[in-house]
Each structure stands twice: as structure tokens, then as C-alpha cells.
Undergrad: 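One structure coming up, written as C-alpha cells, with questions to follow.
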Amino acid sequence: MNTIAVNKSFDVATVRKDFPILNVEVHGNPLVYFDNAATTQKPQQVIDTLNDYYRRYNSNVHRGVHYLSQVATDAYEEARLKVSKLLNASSSAEIIFTRGTTESINLIAFSFGEVFIHEGDEIIISTIEHHSNIVPWQLLCQRKKAVLKVIPVLDNGVLDLEAYRGLFSEHTKLVAVGHISNALGTVNPIAEMIATAHAHQVPVLIDGAQGLPHGKVDVQSLDCDFYCFSGHKMYGPTGIGGFYGRMSLLEQMPPYQSGGEMIQDVSFACTTFNEVPYKFEAGTPNIADAIGLATAIEYLEKVGWDAIAKYEQELLRYATEKLTLEGGITIIGTAPDKASLISFLIDGVHPLDAGTIIDHFGIAIRTGNHCAQPLMDRFGITGTIRASFAFYNTFEEIDRLMAAIRKVKQMFL
Amino acid sequence: MTIAEKEEQIINEFRFFDDWMDKYNYIIDLGKSLPMIDEKLKTDSNLIKGCQSRVWLNADFDGNVITFTGDSDAVITKGIANLLVRALSGHTPDEILNAELSFVDKIGLKEHLSPTRSNGLVSMIKQMKLYALAYKTKASLKS
């Protein structure tokens with residue numbers, strides 16, 4: 001009985017062929033992978049790129065005069081350019097490669113904090129942040145005797161923008177908020193929030209770990225000052241990610257780590273640092289994975305960002321309706337603007353119990369606090385069940401999740 | 001009955017199930033039916049915080065054997081905690097310290113004791129052994 005209309009315009013069967021892992025069996029069932037907000041699967045094209053790099057042109061970048069080093073350097077810098085175009089940065093030098101969003105935020109918290117944060121200054125974050133966008137600021141505030149201020153969240157999972165506007169003072173030095181909540185799926189109105197902050201001359205960092213996987217980002221039209229992302233959440237390899245930083249800020253920020261690559265001249269009396277972005281990329285960078293990330297971006301462009309967004313929203317709508325019709329389910333986070341991610345509770349069943357049984361049906365979902373404990377506290381819960389969808393997921397897979405949920409209810413209630 | 005004999009008994013009970021769902025239904029029954037701990041003992045000091053589920057463990061020592069009681073907010077965790085309490089409760093500190101608890105693996109629930117699961121059960125076993133060590137040390141100081 002399927003009365004909910006589904007989008008047949010997206011050729012999911014063809015797309016699925018690009019992801020070899022989707023053929024894996026788990027506990028004797030074909031895998032249903034609904035943990036895409038944790039990490040996404042990799043298309044064959046990305047796997048081939050990594051293989052190709054190590055087989056044909058592995059070499060260290062930026063130092064060798066030899067042929068392979070030049071090929072590797074070109075590919076690595078091409079990857080930077082690819083990311084800069086995806087984010088519409090004004091120059092590829094504004095893209096710094098790191099291991100991912102967490103490292104990006106730590107780098108900025110240290111480096112920006114070193115110059116711009118002083119005793120008594122204030123940093124604004126929100127209740128719905130991932131721990132990675134809370135703890136680095138807490139540590140910075142401890143180091144600098146600065147103050148952390150927190151934007152409250154409304155019952156539907158939307159940030160309280162009125163309260164946000166009231167948090168600014170002459171001491172506010174930075175706003176750090178997520179683009180999309182990993183725990184609730186809420187898409188924050190970041191353009192509006194950036195405009196508010198800029199009206200107070202306060203720069204804004206966007207944690208884009210959950211943002212970039214769902215659509216292109218234009219840092220120039222958003223006018224944001226930092227935008228952090230993770231490659232592995234957008235179909236690229238693990239261990240690569242980075243951030244966009246406004247050049248005028250990057251130039252004023254000191255290096256985070258030191259060593260090779262990031263220096264210009266070294267003597268025992270004085271070391272001068274290389275220019276942006278290299279001053280932030282000490283040591284041999286993650287060359288292979290950066291190139292792999294570029295392939296992931298190419299792949300996403302080929303599938304089409306608009307098609308991806310449209311289909312993912314269909315999956316979200318379908319799952320939301322199915323869960324609502326099922327009854328005995330509480331959806332946590334009902335913002336009008338959501339990414340393809342649903343956090344919910346099966347009434348009367350602990351999320352871990354539900355997750356354990358659902359796993360036995362070969363369905364990968366996430367349970368727990370999603371590294372967002374303050375948010376769970378806000379809703380008076382210890383955790384949720386989270387299903388997060390990617391464009392290779394299907395309506396039939398959502399039906400399988402629903403069947404598993406009914407089994408859970410039978411077993412526990 | 002020794003701990004090893006109890007472990008053997010549990011393994012035999014589980015031999016009966018050839019389907020994973022039957023096995024879990026049994027664990028769920030164990031988790032649901034048994035009031036394992038006095039509500040008064042569900043204190044913060046008896047709480048073992050897993051990332052995913054919470055476990056409470058209380059220990060009483062009568063000078064000879066330790067009696068454990070425990071609980072969890074997740075039913076499957078509670079069911080497995082119940083089996084661990086059944087195996088170790090009523091034994092001397094030495095017996096508890098030497099227990100291998102290999103039954104968990106043998107009944108196919110090893111994944112529930114992986115550190116990444118963070119359901120509190122790994123810490124619960126560690127805590128049971130710590131109680132045994134502490135009571136043993138205390139008893140040896142007295143004698």
C-alpha cells in the first residue's frame with residue numbers, strides 16, 4: 001500500500017551502479033545505507049582516482065623539479081581550484097586543505113583566536129552545534145578568558161533569530177554556526193545570520209560539514225568569512241577537507257602548525273612564512289585524497305546538484321510522511337527547511353535498542369546523541385534514531401526501514 | 001555453582017535459538033521482566049555512562065561474596081547486564097577477578113561488548129572487576 005507519490009524522474013538505478021559498496025550484504029540482507037550524515041559512500045570514479053594516483057604519479061608536491069612531482073603538484077592545485085569554484089571563492093588561495101571540518105575549525109579557533117580574541121571578548125555559537133563547533137571555541141575562551149554565548153533553539157529545531165540578534169554586544173568578535181544541523185537536519189538561514197553579524201562588523205564562520213554535501217555554496221554571495229567542510233561527507237575520501245577563508249583575514253592569521261611547506265626562509269634567528277594558503281598547510285599534504293575529492297566534486301556536478309537536491313527532498317518528504325502515518329513515532333526537528341535527514345524516536349523504545357534490531361535487517365542508521373549533547377539536553381532526551389539519505393537511496397529502502405520499525409515495535413512494545 | 005558452570009548454563013539456554021530474532025526476544029524478556037536494582041540505588045555514583053545507553057551497577061560485599069545488582073535504560077543492554085550479573089553475582093572477589101566471561105562471545109553477543117558500541121557494558125565488566133579488586137584488598141588489609 002503505497003499512496004505517497006514518488007519522484008521517478010531521477011535515475012537512481014544508474015547512479016547506484018557507481019557505488020560498489022551498495023552491493024554489500026549485511027546480516028544476510030542487501031545493505032541499506034542511511035548513515036550518510038556520518039559519512040557518504042564513494043563512487044567508483046573516486047576509488048579509481050586514488051588507485052590511479054598511487055599507481056601512476058605519486059610524488060611529493062611543490063618541491064620537486066622532476067616530472068612526477070610536477071604532475072602531482074598540478075593535480076593537487078587543480079583540486080584546490082575545483083573546491084574554490086564549488087564554493088565560488090574569489091581565488092583558489094582562499095581554500096586551505098585540512099583533514100576535515102573538525103581540523104578546519106580547530107585551525108581557525110587557534111589562528112584567528114590568537115590575533116583577534118582577547119580577554120572579555122565574546123563568541124556566539126548555537127545550541128544545535130556539533131561538538132566540533134563547540135569545544136574548540138570553549139577551549140579558546142578558556143585560553144583567552146573570553147565568553148561563549150549560545151543562540152537558543154525553538155521547539156521545532158529552528159534557531160531563535162530574535163534571541164540571536166540580542167546576543168551581540170561591542171565585545172562580540174565572532175559568530176560560529178552550522179549550515180545544516182547534523183542532528184535535526186535544520187537548514188539555518190545563514191545568509192540572514194551573516195548579514196546580522198556583519199551589521200555589527202563581526203565575522204562569521206560556517207560549519208558546512210552537513211551543508212556542502214547537499215548543494216553548491218557561494219561564499220561571495222553569502223559573504224561569509226570562513227566556510228568549513230569535510231570531503232568524506234560529500235562522496236570524497238576520508239582524511240581530506242578544508243575551509244574557505246576570506247583573504248584579508250587569512251593574511252593576518254598566524255600559522256597553526258609549522259614545519260615544511262609552510263615556510264619561506266628558515267634560519268635559527270628568524271623564520272619567514274610562506275604565503276596563504278601554504279602557510280596553513282605544514283608538512284606533506286594529503287595529496288591523493290585532495291585529488292580524490294576533486295573527482296567527487298566532478299562526479300556530483302555530473303549527476304547534477306539540482307537533481308540531487310530535488311531527489312533528496314523527495315526522499316525526505318516520503319520518509320517524513322511514512323513515519324508520520326505510522327504513528328507512535330516522534331520526529332525531533334520539524335523545521336520547514338530541512339536537509340534529507342530525519343531524527344526520530346519510536347515512542348517507548350530506547351534508540352539503541354531500536355538501532356540494534358534495525359541493524360540486523362541490514363539497515364545502517366545512527367543512534368545516540370550525534371555529538372550534540374547540549375541539543376539533546378535542550379529537548380530533554382538522551383538521543384535519537386537518525387536516518388540520513390543520499391541520492392543513491394531509494395523509496396523502497398525507506399519502505400524496508402518502515403518494516404524494520406514495525407518489527408521493533410512488535411519486539412519491544 | 002561456579003562462574004564457569006553458570007556460563008555453560010547460559011550458553012546452553014542460548015543454544016536453543018537458531019534465529020537471531022528469537023535470541024533478541026529472549027534478551028528483551030530478560031531486560032523487561034527482571035527488576036534488577038532498587039530504585040534508590042540508581043544514584044549518580046552507581047551510574048556508568050555509556051555514550052549510547054546508561055548502566056547502573058551496585059555492589060554489596062558480605063565479607064565473603066559480592067552481590068551485584070544493575071540496570072540500564074536500554075532493554076537489550078539491561079538484558080545482557082542481567083546475564084553478566086547472573087554470572088558474577090554471589091561469588092568471591094578472587095572468583096570474579098579470574099572469570100573469563102567468554103559466554104558473551106559464545107552466544108553471539110560479542111559485538112555488544114565492543115568498546116565502539118559505548119553502551120556501558122564494557123565499563124560495567126571493568127567496574128565489576130574493580131569492585132572485586134577493591135573488596136579483596138580491603139579484606140586482606142583486615143586479616
Side-chain angles (χ1 to χ4, degrees), chain A residues 25-29 35 38-39 130-132 134-135 182-183 343-377 379-386 400 403-413, chain B residues 14 17-37 42 44 46-56 70-84 104-105 107-124:
Chain A
E25 284 204 349
V26 174
H27 300 303
N29 298 292
D35 197 16
T39 196
H130 187 283
H131 294 162
S132 291
I134 300 175
V135 184
N182 72 305
S343 246
F344 62 96
L345 294 166
I346 303 172
D347 301 342
V349 182
H350 192 286
L352 178 61
D353 286 331
T356 303
I357 300 304
I358 291 170
D359 169 60
H360 270 271
F361 288 102
I363 304 170
I365 42 106
R366 178 81 178 264
T367 64
N369 62 41
H370 316 297
C371 298
Q373 267 179 287
L375 178 63
M376 297 296 126
D377 291 344
F379 284 101
I381 53 181
T382 56
T384 71
I385 304 163
R386 183 187 71 186
R400 275 184 57 195
I405 288 170
R406 281 191 283 278
K407 198 74 213 173
V408 167
K409 285 170 145 186
Q410 252 175 42
M411 290 174 83
F412 288 92
L413 298 176
Chain B
F14 275 79
F17 308 115
D18 38 7
D19 181 277
W20 69 267
M21 221 179 284
D22 292 342
K23 187 166 77 183
Y24 275 96
N25 276 326
Y26 182 62
I27 297 165
I28 291 164
D29 282 346
L30 285 177
K32 270 185 182 172
S33 56
L34 293 168
M36 289 175 63
I37 197 169
K42 280 167 88 167
D44 276 354
N46 279 337
L47 176 65
I48 298 163
K49 264 190 163 174
C51 187
Q52 297 255 1
S53 58
R54 291 182 297 172
V55 170
W56 290 268
D71 203 349
S72 173
D73 56 350
V75 178
I76 293 174
T77 308
K78 187 176 170 185
I80 300 170
N82 187 303
L83 293 172
L84 291 168
V104 183
D105 192 2
I107 62 178
L109 294 176
K110 192 183 172 188
E111 80 238 35
H112 291 277
L113 293 185
S114 102
T116 53
R117 194 105 191 165
S118 41
N119 53 12
L121 286 174
V122 173
S123 307
M124 178 181 170

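Throughout, protein chains are lettered first and strands after them, A, B, ... in sequence-line order, and every chain is numbered starting at 1.
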Undergrad: When heavy-atom pairs shorter than 4.5 Å are enumerated against chain A, which of B:T77, B:V75, B:N25 gives the highest number?
TA: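 Option with the greatest count: B:V75.
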Undergrad: Between A:H370 and A:T384, is there a side-chain donor-acceptor contact under 3.5 Å, judged purely by atom types and distance?
TA: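 Yes, a side-chain donor-acceptor pair sits under 3.5 Å.
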Undergrad: Examine distances only and state if a side-chain atom of A:N29 and a backbone atom of A:H27 form a donor-acceptor pair shorter than 3.5 Å.
TA: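 Such a contact is found between A:N29 side chain and A:H27 backbone.
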Undergrad: Would you mind telling me which of B:V122, B:I48, B:L84 makes a side chain to side chain contact (heavy atoms under 4.5 Å, CB included) with B:V55?
TA: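 Single pass found, and it is B:I48.
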Undergrad: For a salt bridge (Lys or Arg N to Asp or Glu O under 4.0 Å) check, start with the C-alpha distance between A:D35 and A:R386, then their side-chain angles and the critical distance, and finish with the verdict.
TA: CA-CA 8 Å; A:D35 197 16; A:R386 183 187 71 186; 3.3 Å; yes
Undergrad: Do A:I346 and A:K409 have side-chain heavy atoms sitting under 4.5 Å apart?
TA: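 With C-beta onward as the side chain, the pair touches.
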Undergrad: Under 3.5 Å, is there a donor-acceptor pair between the side chain of B:S53 and the main chain of B:D73?
TA: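 Judged by distance alone, no pair lies under 3.5 Å.
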Undergrad: With respect to chain B, which residue among A:L352, A:T367, A:D353 yields the maximal number of heavy-atom pairs within a distance under 4.5 Å?
TA: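 If we count pairs closer than 4.5 Å to chain B, A:D353 comes out on top.
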Undergrad: Heavy atoms, side chains only, cut-off 4.5 Å: are B:I27 and B:F17 in contact?
TA: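 The answer is no, as the side chains (C-beta and beyond) never meet within the 4.5 Å cut-off.
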Undergrad: Using non-hydrogen atoms and a limit below 4.5 Å, what part of residues 357-364 of chain A faces chain B?
TA: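 Checking residues 357-364 of chain A against chain B gives A:I357, A:H360, A:F361.
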Undergrad: Given that the side chain runs from C-beta out, which part of B:I76 has a heavy atom under 4.5 Å from chain A: side chain, backbone, both or neither?
TA: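 Both parts, backbone and side chain.
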